[in-house]
Amino acid sequence: MKFILFFIDGMGMGFKNPEINPCFYSEKHFFDVFQDEDRLSLPFGGFYKGLDASLGISGLPQSATGQTAIFTGENGAHLLGYHLNGFPNQKLKKILLEKSILKKLKERGYQVDFLNTYRPPFFEKTNDQKLKRASCSTVSALAAGLECHSQEDLFQRKSICHDLTNEVFRDQGFEAPLLTPAESGQILVKASSESDFLLFEFFLTDLAGHAQDMNRACHELRKVEEFLETILLSITLEQTTMLIISDHGNFEDLSTRSHTRNPALFMAWGEEAPLFIEKCLTPCDPYHIILELMP
């Protein structure tokens with residue numbers, strides 16, 4: 001059993017409102033799922049549901065606590081007593097360093113990979129400096145002792161830039177080949193054939209939501225759908241479970257700059273998909289099922 005975990009930041013399940021919800025314009029019909037409209041399944045036989053991003057704590061769900069839940073299975077919001085935005089604090093880092101899903105699976109002898117590419121300045125830092133201001137995904141990768149992917153890996157097609165095209169790398173003055181989202185999808189497919197568990201993070205959805213920019217949001221949605229379609233056309237779903245998970249709502253409601261209280265989007269493909277859809281209620285839950293299926 002192999003797993004691909006595709007984390008999409010700030011993607012909630014909203015309502016069918018074309019004025020505020022970019023998901024209404026989903027061209028490949030992966031993301032046009034809404035709270036006020038039932039739908040039986042997704043393309044390629046996938047399933048979906050909304051997860052309770054509040055984690056039992058009042059206030060707007062936030063990134064650091066939500067992502068800690070995804071990557072460690074621990075309710076960081078409950079531990080802190082509040083939702084924490086941005087980067088994890090010391091308490092959350094401690095949980096991530098101890099219980100990162102990448103670390104746990106690597107300790108069990110599985111081949112794991114975090115496919116995102118880091119810019120050259122990242123590699124000029126010591127490990128302590130890397131951890132000082134790091135995202136939950138970065139802390140999770142460092143906890144597992146993974147070699148983070150570099151600019152060279154972009155050219156060798158061993159990793160993917162977070163924007164799926166490498167345009168961000170090029171705009172920041174770093175050399176990188178210009179790719180389509182479909183080409184990045186093929187890179188992920190190849191990487192998944194060499195790994196038991198593969199993690200990839202996309203966060204431009206969250207940025208588009210905060211910007212309240214419908215054109216920008218639809219552009220990002222088209223990229224993600226092209227990327228996702230390429231992957232699902234190429235992997236063997238009898239052997240690989242594909243999961244998409246988010247930490248909180250935002251993208252699905254451009255009427256506000258802030259996060260939302262909408263359920264976090266969760267999608268699953270493969271033979272184990274019904275199990276995940278049945279048992280997962282919060283962003284903490286997929287972690288525990290993955291570890292049960294990968295003993």
Side-chain angles (χ1 to χ4, degrees), residues 3-18 20-55 60-63 65-71 77 83 136-137 164 199-210 217-218 220-229 231-232 241-256 258-270 273-287 289-290:
F3 280 91
I4 298 170
L5 182 60
F6 182 12
F7 165 58
I8 301 182
D9 198 335
M11 179 71 83
M13 266 189 69
F15 296 91
K16 191 176 182 179
N17 184 340
I20 64 170
N21 191 348
C23 296
F24 179 88
Y25 302 100
S26 170
E27 295 177 356
K28 297 184 183 293
H29 303 293
F30 286 108
F31 294 99
D32 50 348
V33 294
F34 310 104
Q35 292 188 52
D36 52 347
E37 181 178 88
D38 291 331
R39 180 173 161 189
L40 294 177
S41 64
L42 299 168
F44 299 92
F47 301 92
Y48 72 95
K49 72 185 301 184
L51 301 179
D52 182 4
S54 74
L55 297 168
L60 287 178
Q62 300 292 344
S63 298
T65 37
Q67 291 169 32
T68 297
I70 293 169
F71 298 137
H83 297 281
C136 289
S137 55
L164 304 179
L199 172 64
F200 178 70
E201 174 181 11
F202 184 86
F203 56 82
L204 296 186
T205 37
D206 193 52
L207 298 185
H210 286 304
C218 288
E220 299 302 338
L221 191 68
R222 286 191 294 271
K223 285 163 51 181
V224 171
E225 290 200 310
E226 182 182 337
F227 177 68
L228 180 58
E229 182 181 56
I231 295 166
L232 290 170
T241 298
M242 172 91 184
L243 302 175
I244 289 180
I245 192 167
S246 192
D247 47 356
H248 53 74
N250 178 3
F251 180 87
E252 78 289 351
D253 184 355
L254 300 187
S255 70
T256 175
S258 67
H259 294 170
T260 71
R261 290 180 171 82
N262 288 325
L265 187 62
F266 181 57
M267 296 177 166
W269 287 266
L275 174 68
F276 280 92
I277 296 300
E278 177 189 356
K279 292 195 171 184
C280 293
L281 300 176
T282 78
C284 296
D285 297 328
Y287 172 97
I289 299 175
I290 291 168

* With the side chain counted from C-beta on, respond yes when Leu42 and Met267 share a heavy-atom pair under 4.5 Å apart, and no when they do not. => yes
* To do: Specify the closest pair of heavy atoms between Pro283 and Asp52, including all atoms of both residues, with the distance to one decimal.
  => CD-O, 3.3 Å
* Kindly compute the distance separating CD (Glu201) from CD1 (Ile70), expressed to the nearest 0.5 Å. => 9.5 Å
* Are Tyr48 and Phe31 an aromatic pair by the rule of ring centers under 6.0 Å? -> no
* Go through the structure and list residues passing side chain to side chain contact (heavy atoms under 4.5 Å, CB included) with Asp253, not counting sequence neighbours. => Ile20, Ser255, Thr256, Thr260
* Side chain Arg39, main chain Asp32, donor-acceptor under 3.5 Å -> yes
* Structure fact -> Closest heavy-atom pair, Tyr25 versus Pro18, reported as atoms and distance to 0.1 Å, is OH-O, 3.0 Å
* Go through the structure and list residues passing side chain to side chain contact (heavy atoms under 4.5 Å, CB included) with Tyr287, not counting sequence neighbours. => Lys99, Ile101, Lys104, Leu291
* Would you check, one step at a time, whether the test side chain to side chain contact (heavy atoms under 4.5 Å, CB included) holds for Leu60 with Gln62? => CA-CA 6 Å; Leu60 287 178; Gln62 300 292 344; 3.8 Å; yes
* Asked: Do side-chain atoms of Trp269 reach the backbone of Pro43 as a donor and acceptor pair under 3.5 angstrom?
  -> yes
* Pairing residues for Glu229 by the salt bridge (charged side-chain N to carboxylate O under 4.0 Å, His left out) criterion, not counting sequence neighbours -> Lys28
* Do any N or O atoms from the side chain of Gln67 and from the backbone of Asp247 form a donor-acceptor pair under 3.5 angstrom? -> no
* Stepwise, does the side chain to side chain contact (heavy atoms under 4.5 Å, CB included) test hold for Ile245 with Leu51? -> CA-CA 9 Å; Ile245 192 167; Leu51 301 179; 4.0 Å; yes
* At their closest point, which heavy atom of Phe71 faces which heavy atom of Cys136, and how far apart are they? -> CD1-CB, 3.9 Å
* Structure fact -> Hits for salt bridge (charged side-chain N to carboxylate O under 4.0 Å, His left out) against Arg261, two or more places apart or cross-chain, chain-then-number order -> none
* If you draw a 6.0 Å radius around CG in Asp38, do more than 12 non-hydrogen atoms from other residues or ligands fall strictly inside? -> no
* Side-chain contact test, heavy atoms from C-beta onward, threshold under 4.5 Å: evaluate it for Phe200 versus Ile4 and give yes or no. => no
* Structure fact -> To the nearest 0.5 Å, atom CG of Leu265 lies from atom CZ of Phe30 at 12.5 Å
* Nearest heavy-atom pair of Asp285 and Lys279: which atoms, and what distance? -> OD2-O, 4.0 Å
* Stepwise side chain to side chain donor-acceptor pair (under 3.5 Å) check, Glu252 with Asn21 -> CA-CA 5 Å; Glu252 78 289 351; Asn21 191 348; over 6 Å; no
* Asked: Hey, mind stepping through Glu220 and Lys223 against salt bridge (charged side-chain N to carboxylate O under 4.0 Å, His left out) and telling me if it holds?
  -> CA-CA 5 Å; Glu220 299 302 338; Lys223 285 163 51 181; 2.9 Å; yes
* **Between His259 and His210: side-chain donor-acceptor atoms closer than 3.5 Å** => yes
* **Nearest heavy atoms of Pro286 and Phe276, plus distance in Å** => O-CE2, 3.8 Å
* Report the distance from atom CG of Asp206 to atom OG of Ser63, rounding to the nearest 0.5 Å. => 5.0 Å
For residues 8-17, please give each side-chain donor-acceptor pair under 3.5 Å, one per line with the distance, not counting sequence neighbours.
residue	atom	partner	partner atom	Å
Asp9	OD1	His248	NE2	3.4
Lys16	NZ	Glu37	OE2	2.7
Asn17	OD1	Glu19	N	2.9

* After noting the C-alpha distance and the side-chain angles of Cys23 and Phe34, does the key distance pass the side chain to side chain contact (heavy atoms under 4.5 Å, CB included) rule? -> CA-CA 9 Å; Cys23 296; Phe34 310 104; 4.3 Å; yes
* Residues in salt bridge (charged side-chain N to carboxylate O under 4.0 Å, His left out) with Lys49, at least two apart? -> none
* Value rounded to 0.5 Å, distance of OG1 in Thr241 from CD1 in Ile290 -> 8.5 Å
* Asked: Taking all non-hydrogen atoms of both residues, which atom of Cys284 and which atom of Leu55 are closest, and how far apart?
  -> SG-CD2, 3.9 Å
* **Phe202 and Phe6 aromatic ring geometry - parallel, tilted or perpendicular at 30°/60° bounds** => perpendicular
* Asked: Should Phe7 and Phe203 be marked as a ring-ring contact (aromatic ring centres under 6.0 Å, His included) after you check the CA-CA gap, both sets of side-chain angles, and the distance that decides it?
  -> CA-CA 8 Å; Phe7 165 58; Phe203 56 82; 9.0 Å; no
* To do: Would you give the length of the straight line joining atom OG of Ser54 to atom CG of Asn262, rounded to the nearest 0.5 angstrom?
  => 12.0 Å
